[in-house]
Amino acid sequence: MAQKPSTPKGTRDFNPLQVQRRNYIIQTIKRHFELYGFMPIETPSFENLSTLMGKYGEEGDRLIFKILNNGDYLDKVDEDLLNNKDSNAMISQLSDRALKYDLTVPFARYVVQHQNDITFPFKRYQIQNVWRADRPQKGRYREFTQCDADVVGSNSLLQEVDFIKLYDDVFTSLQVNGVTIKINNRKILAGLAEIIGAADQLIPFTVALDKLDKIGEERVKQEMQERGISSTALEKLQPVFTLTGSYEEKLEAMKGLLSSSEIGMKGIEELEFINQSLKSNQLKTATLDLDITLARGLNYYTGCIFEVAAPDSVKIGSIGGGGRYDDLTSIFGLKDVSGVGISFGLDRIYLVLEELNLFPDSVRAGVDVLFINFGEMEAAHCSGWLSRFRESGIKTELYPDAAKMKKQMSYADKNNIPYVILAGENEIATGKLTLKNMMEGSQESLTIDEIIARLS
RNA sequence: GUGGUUGUAGCUCAGCUGGUUAGAGCGCCGGAUUGUGGUUCCGGAGGUCGCCGGUUCGAAACCGGUCUUCCACCCCA
């Protein structure tokens with residue numbers, strides 16, 4: 001029985017135009033990564049399960065795609081676990097490998113594994129697919145592409161400044177104006193938790209705070225209370241909920257609030273430095289916005305955190321994010337190496353460009369010129385011309401069969417081929433080819449050199 | 001992982017409280033038009049109604065399961 005073909009949940013096929021457009025975004029990002037001194041590396045699609053587990057929190061562990069062991073995979077499983085159907089406890093016995101969940105943790109593994117061959121600070125970029133067993137939604141897939149740039153082995157805040165400028169440059173180059181780069185610092189969040197006496201509940205506290213712009217002040221407070229944060233603590237936190245003004249104004253207000261917290265003040269200092277550095281070298285189209293409620297899920301961030309929001313007119317989640325992680329490599333045995341990095345969400349950037357109609361016309365599938373096939377003799381004559389076109393960098397093809405003119409023209413039309421060349425008996429005799437502009441419907445008689453000069 | 005939603009021709013969708021042979025628009029193929037596409041006209045092909053099971057004399061429609069789509073949580077790019 002013929003089964004209806006489909007791709008697995010949360011995955012997609014890409015047609016030629018979509019691939020061209022994705023490549024356009026990737027090329028733009030790559031170019032800027034390299035301009036900023038990042039070099040490409042690649043890591044395997046799957047890692048040892050133990051490399052990934054526990055790095056993204058409990059929720060993250062659940063969303064990792066595990067690969068079932070080969071062979072008699074039930075043989076090694078503990079019988080009690082099997083009888084109790086204790087799936088979670090059995091995972092480590094059923095699966096040794098898993099698809100990578102992001103690019104940062106495999107990168108940390110790479111750094112530790114190759115530490116003797118690496119010269120620090122090490123700057124790398126990586127553009128590869130990652131997989132998450134999440135429920136798909138708009139702009140959320142189970143297989144998607146991340147474009148990461150990270151630097152490890154440098155504590156300098158100039159790295160953070162560079163990343164902000166890199167974001168600005170890439171989105172300026174893609175003509176996405178009005179992007180907001182939100183910045184915060186985990187040290188400030190730690191300071192806040194410390195001051196309200198919830199230092200041991202940093203993660204639930206930040207997760208709740210992160211939802212402020214989405215669910216509002218009341219429900220955030222409610223969630224915090226449910227997680228055991230007292231009402232006197234919430235009172236101390238009140239200024240955070242009503243914080244407004246410029247970057248500097250917000251920073252000043254936070255300074256007052258955090259004056260008794262050493263770690264909090266350290267965070268303030270860092271954000272001040274970044275703001276100061278950007279004054280002399282302003283952003284082109286992006287806006288830098290201090291957002292104290294920005295938390296970001298990943299547990300390994302320790303310093304500055306970033307998130308890029310699409311222009312207001314496009315309703316989509318963040319299109320990029322990143323931050324500093326002081327201790328990621330220590331899990332793999334390399335201490336005192338600080339890392340900081342950012343990520344571009346290719347699939348979502350694609351949706352933004354599509355919605356705002358920002359893909360250049362030059363980014364399209366198909367050739368520039370189609371030669372009409374009039375028959376064996378004429379096709380043979382065209383062969384030399386085809387080569388000359390291609391040597392000049394003009395994408396060219398000859399219709400493979402001497403089909404009816406209508407069919408050949410229709411092929412050009414449907415593939416959005418801008419020019420058609422008619423080289424039949426008359427043209428071959430005179431050496432002047434008929435060049436038809438498919439957009440305008442006009443045509444003229446020109447020599448091969450004239451056509452090449454015009455199209456290249 | 002929780003709650004809801006969707007699936008009928010290649011695409012977008014109609015199809016009444018269950019009743020003969022399941023429709024439309026667009027697209028596709030052929031012709032009008034043997035060296036000219038997009039417009040027009042004429043003709044044609046194409047569906048075991050997501051899949052499996054159940055109820056019924058009878059199911060695209062009702063019920064259960066499953067897969068898929070989209071949405072809200074959770075979380076996140």
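First the proteins, then the strands, lettered A, B, ... as listed; each starts at 1.
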Any donor-acceptor pair, under 3.5 Å, between the side chain of A/Lys9 and the base of B/U68, if you only look at N and O atoms? no

Considering only the C1' atoms, how many Å lie between B/C67 and B/G30, rounded to the nearest integer? 39 Å

Listed range with range, the stems formed with RNA chain B by at least 3 consecutive Watson-Crick or G-U pairs (under 3.5 Å) are B:1-4 with B:70-73, B:10-13 with B:23-26, B:28-32 with B:40-44, B:50-54 with B:62-66

Expressed as a whole number of Å, how far does the C1' atom of B/C62 sit from that of B/C76? 40 Å

Taking atom types as they are modelled, would you say the side chain of A/Lys436 forms a donor-acceptor pair with the base of B/G37 within the 3.5 Å cutoff? yes

Whole-Å gap separating P (B/G1) and CZ (A/Phe65): 11 Å

Does the separation of the ring centres of A/Phe38 and A/Tyr125 fall below 6.0 angstrom? no

Give me the distance, rounded to whole Å, that separates B/C11 from B/C16 when you measure between the P atoms they each carry. 22 Å

Given B/C74, is OP1 or OP2 found less than 4.0 Å from the side-chain N or O atoms of A/Lys211? yes

What's A/Gly320 touching, base or sugar-phosphate or nothing? Going by heavy atoms closer than 4.0 Å. sugar-phosphate

What do you reckon, are the aromatic ring centroids of A/Phe359 and A/Tyr350 less than 6.0 Å apart? yes

Between A/Lys406 and B/G35, is there a contact of a side-chain N or O with OP1 or OP2 at under 4.0 Å? no

Taking 4.0 angstrom as the limit, do A/Lys250 and A/Asp291 come out as a salt bridge? no

Closer than 4.0 angstrom, basic N to acidic O: yes or no for A/Glu223 and A/Arg219? no

Provide, to the nearest angstrom, the distance between the CD1 atom belonging to A/Ile64 and the C1' atom belonging to B/C74. 16 Å

Aromatic contact between A/Tyr101 and A/Tyr56, with the criterion being ring centroids under 6.0 Å apart: yes or no? yes

With A/Asp150 as partner, the option from A/Lys123, A/Arg324, A/Arg124 fulfilling salt bridge (Lys or Arg N to Asp or Glu O under 4.0 Å) is A/Arg124

From B/C75, B/A77, B/G37, nucleotide with atom closest to A/Val207 side chain: B/C75

Nearest-nucleotide check on RNA chain B, A/Thr7 vs A/Glu143; residue mapping nearer the 5' end is A/Thr7

Ignoring the backbone of A/Thr434, work out which of B/A77, B/C75, B/U36 is nearest its side chain. B/U36

Checking contacts here: which listed nucleotide (B/A77, B/C70, B/G37) is nearest the side-chain heavy atoms of A/Arg140? B/A77

Which of B/C75, B/G37, B/C71 is nearest the side chain of A/Met438? It is B/G37

Any N or O donor-acceptor pair under 3.5 Å from the base of B/U69 to the side chain of A/Arg135? no

Can you tell me if the side-chain N/O atoms of A/Lys404 get under 4.0 Å from OP1 or OP2 in B/G31? yes

Check ion pair A/Arg140-A/Asp347 (N to O, under 4.0 angstrom): no

Among the nucleotides B/G35, B/C74, B/A77, whichever has the atom closest to the side chain of A/Tyr141 is B/A77

A/Phe374 vs A/Cys382 side-chain heavy atoms within contact, under 4.5 Å: no

B/A72 OP1/OP2 closer than 4.0 Å to side-chain N/O of A/Gln137: yes

Spell out yes or no: do the side chain of A/Glu58 and the base of B/G1 have one donor N/O and one acceptor N/O closer than 3.5 Å? no

The side chain of A/Pro136 lies closest to which of these nucleotides: B/G1, B/C28, B/C70? B/C70

Counting side-chain heavy atoms from CB outward, which of B/U36, B/A77, B/G38 is closest to A/Met409? B/U36

Rounding to a whole Å, what distance do you find between A/Glu59:CD and B/U2:P? 12 Å

Assign A/Asn426 to base, sugar-phosphate, or nothing according to its heavy-atom contacts below 4.0 angstrom with the strands shown. base

Mind checking whether A/Arg12 and A/Pro136 have side chains closer than 4.5 Å, heavy atoms only? no

CZ of A/Phe144 versus C1' of B/C76: gap in Å, rounded? 8 Å

Checking all strands, does A/Asp134 fall into the base, sugar-phosphate, or nothing category for heavy-atom contacts under 4.0 angstrom? base

Quick one: does A/Gln443 reach the base of B/U36 with a side-chain donor-acceptor pair under 3.5 Å? yes

Between A/Glu223 (CD) and B/C75 (P), how many Å, whole number? 7 Å

Could you give the CG-to-C1' distance, from A/Leu422 to B/G37, as a whole number of Å? 11 Å

If you find the nucleotide of RNA chain B closest to A/Tyr411 and the one closest to A/Gly10, which residue's nucleotide is nearer the 5' end? A/Tyr411

